[in-house]
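All values derive from a computational prediction rather than experimental measurement. Just so you know, ligand 1 is whichever comes first in the structure, and atom 1 is the first atom listed for that ligand.
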Amino acid sequence: MTGPASVELASVVKEYPGHRALDGVDLRIEPGEFVALLGPSGCGKTTALRTIAGLESIDGGGIRIDGEDVAAKPTNKRDIGMVFQSYSLFPHLTVAQNVEFGLRMRRVAGPERTARATEALELVGLGAFGGRYAHQLSGGQQQRVALARALVTRPRVLLLDEPLSALDAKVRTSLRDEIRRIQTELGITTLFVTHDQEEALAVADRVAVMRQGRIEQIGTPEQLYRTPATAFVADFVGLSNRLPAHLTDGVVAFQDVRLPLLGDPQPDGPVEALVRPEDLVLGEEGLRGTVIASSFLGSVRRTQVRLDDGAVVSVQHDVEQAPAAGDEVRLRIRATAVSASAAAVSASAVA
Ligand code: ADP
Ligand code: MG
């Protein structure tokens, strides 16, 4: 095996009839890095992944793997392993035969095929399952086999397209951690597509947030969460409250609170400030409101508060504080800066 490769998309454009699915995508994945491509359904994640794999042609820009332009290379020459959302095992082949399939295509000799398939199955924790068929496996086990099948050819790049979204929540979390463990062990350059922000933040070295065919921001999970470049990122990554506010010269004001605007400059005017539930503090001072409900979530409590100006916000706090519905409370904002987006024009303003 040659070492892990970098993957680079430069101004990649993909047009479908009447729809530009990729609108100038720039993305560089370092050798051995795990990047999550995160965005809402339809934003172009699968298309981006398929262009890297060579399953879609591109209409502009370029794709380089390990520095080499792959435009002229068919999928089977790009040295890529792929796992898809839907279970894609051949039903009439055993698990071991499924895993060996790629090696058979590459004309690897029988004994080596068997040895490498066994090794790959052990890597995903299914060493004893080689003789089974897909219908004798759970969804999580089938995706482990799909992962073994993708890795058995020792690709330089691993592409995963929502590999966990058909699984139930508990399996999803354990397999997600397992994928990260295996990726770290192999040091393979990985692009993991998901629409689930928690999943992206949990597994990736860096997360690229995609919107309408473009990468809106790329950064470590901490950078995206703490310093979102746009309101879309702030809203999509983590929970955010929307507070009516006014923006003047880069300062967001709500009632008597004033905080600098995070991210790119925006025109002055009415905005919605995005404030994390954990950045609101229940106390003696600040915005006035009334408790609607409070839920115990184990390690924290989350309380819904209707502010006096009508906005409803979610506050995350210690379980020791247990406000009851109807309590009058004050909320302080702990953030040192906030994201904001232009406020939706109200019906009365339109009329
Ligand atoms: P995602 O994976 O982020 O949900 P996709 O990459 O699958 O999004 O799709 C991006 C956009 O391109 C969507 O609007 C989708 O309808 C459109 N699209 C995808 N594949 C095709 C195709 N083969 N023909 C036409 N439009 C397509
Ligand atoms: Mg998709």
Side-chain angles (χ1 to χ4, degrees), residues 7-29 34-63 65 70-71 74-75 78 80-89 139-140 142-143 146-147 149-150 155 157-169 171-172 175-176 179 183 189-204 206-219 221 224 228-238:
V7 174
E8 205 176 343
L9 282 75
S11 311
V12 170
V13 172
K14 174 68 188 177
E15 309 262 11
Y16 290 120
H19 182 74
R20 180 172 279 219
L22 300 180
D23 189 19
V25 170
D26 290 302
L27 175 66
R28 185 184 155 81
I29 313 172
F34 192 130
V35 170
L37 186 56
L38 171 70
S41 177
C43 72
K45 305 181 297 296
T46 295
T47 305
L49 191 121
R50 288 173 60 85
T51 63
I52 298 171
L55 297 168
E56 294 294 347
S57 61
I58 57 177
D59 301 301
I63 298 176
I65 298 180
V70 293
T75 299
R78 292 194 186 187
I80 277 170
M82 284 189 82
V83 178
F84 303 94
Q85 171 180 347
S86 54
Y87 314 137
S88 51
L89 304 183
Q142 289 187 49
Q143 286 302 69
L147 185 61
R149 190 176 58 180
V157 177
L158 179 62
L159 303 176
L160 305 157
D161 192 1
E162 312 225 18
L164 307 175
S165 42
L167 306 174
D168 63 53
V171 179
R172 205 155 65 214
L175 192 49
R176 158 188 107 188
I179 288 174
Q183 187 274 339
T189 311
T190 299
L191 185 62
F192 179 102
V193 163
T194 179
H195 65 269
D196 180 331
Q197 54 94 10
E198 187 194 316
E199 200 165 279
L201 297 188
V203 291
R206 288 188 304 154
V207 178
V209 180
M210 196 167 178
R211 177 193 196 188
Q212 293 175 358
R214 290 167 171 267
I215 305 286
E216 184 124 335
Q217 186 177 8
I218 179 160
L224 289 187
T230 65
F232 176 79
V233 175
D235 211 15
F236 200 73
V237 178

Discussion item. I'd like to know if the side chain of Arg211 pairs up with that of Thr230 as donor and acceptor (distance under 3.5 Å, no hydrogens or angles considered).
Written reply: no

Do any nitrogen or oxygen atoms of Pro17 come within less than 3.5 Å of a nitrogen or oxygen of ligand 1?
no

Nearest non-hydrogen contact to atom 3 (O) of ligand 1 from the set Gln85, His195, Lys45, Glu162 belongs to Lys45

the protein heavy atom lying closest to atom 11 (C) of ligand 1 turns out to be His19 NE2, 3.4 Å

Nearest non-hydrogen protein atom to atom 6 (O) of ligand 1, with distance, is Thr47 OG1, 2.6 Å

shortest atom 24 (N) of ligand 1-to-protein heavy-atom contact is with Tyr16 CD2, 3.5 Å

Check: Are any non-hydrogen side-chain atoms of Glu198 and Arg176 less than 4.5 angstrom apart?
Finding: yes

Closest to atom 8 (O) of ligand 1 among protein heavy atoms sits Gly44 N, 3.3 Å

Any side-chain to backbone donor/acceptor pair from Gln143 onto Phe84? Under 3.5 Å, distance only. yes

One should read off an interatomic distance between Leu37 CG and Ile29 CD1, to the nearest 0.5 angstrom, of 8.5 Å

Nearest non-hydrogen protein atom to atom 10 (C) of ligand 1, with distance, is Gly42 O, 3.4 Å

Numbered in order shown, the ligand 1 atoms found under 4.0 Å of a heavy atom of Ala21 are 12 (O)

### Query
Just by modelled atom types, is the Val157 backbone N or O under 3.5 Å from a matching donor or acceptor in the Thr189 side chain?
no

Output for pair (Leu9 CG, Ile215 CD1), nearest 0.5 Å, gives 8.0 Å

*asked:* Would you say atom 16 (O) of ligand 1 makes contact with the protein, given that contact here means a non-hydrogen protein atom less than 4.0 Å away?
replied: no

Using a distance threshold of 2.8 Å, state whether an N, O or S atom of Ser41 lies below it from the Mg ion (ligand 2). no

Value for CD1 (Ile218) from CG (Leu27), rounded to nearest 0.5 Å, stands at 5.0 Å

closest protein heavy atom to atom 7 (O) of ligand 1 is Thr46 CB, 3.7 Å

d(Leu160 CG, Gln183 CD) to nearest 0.5 Å is 9.5 Å

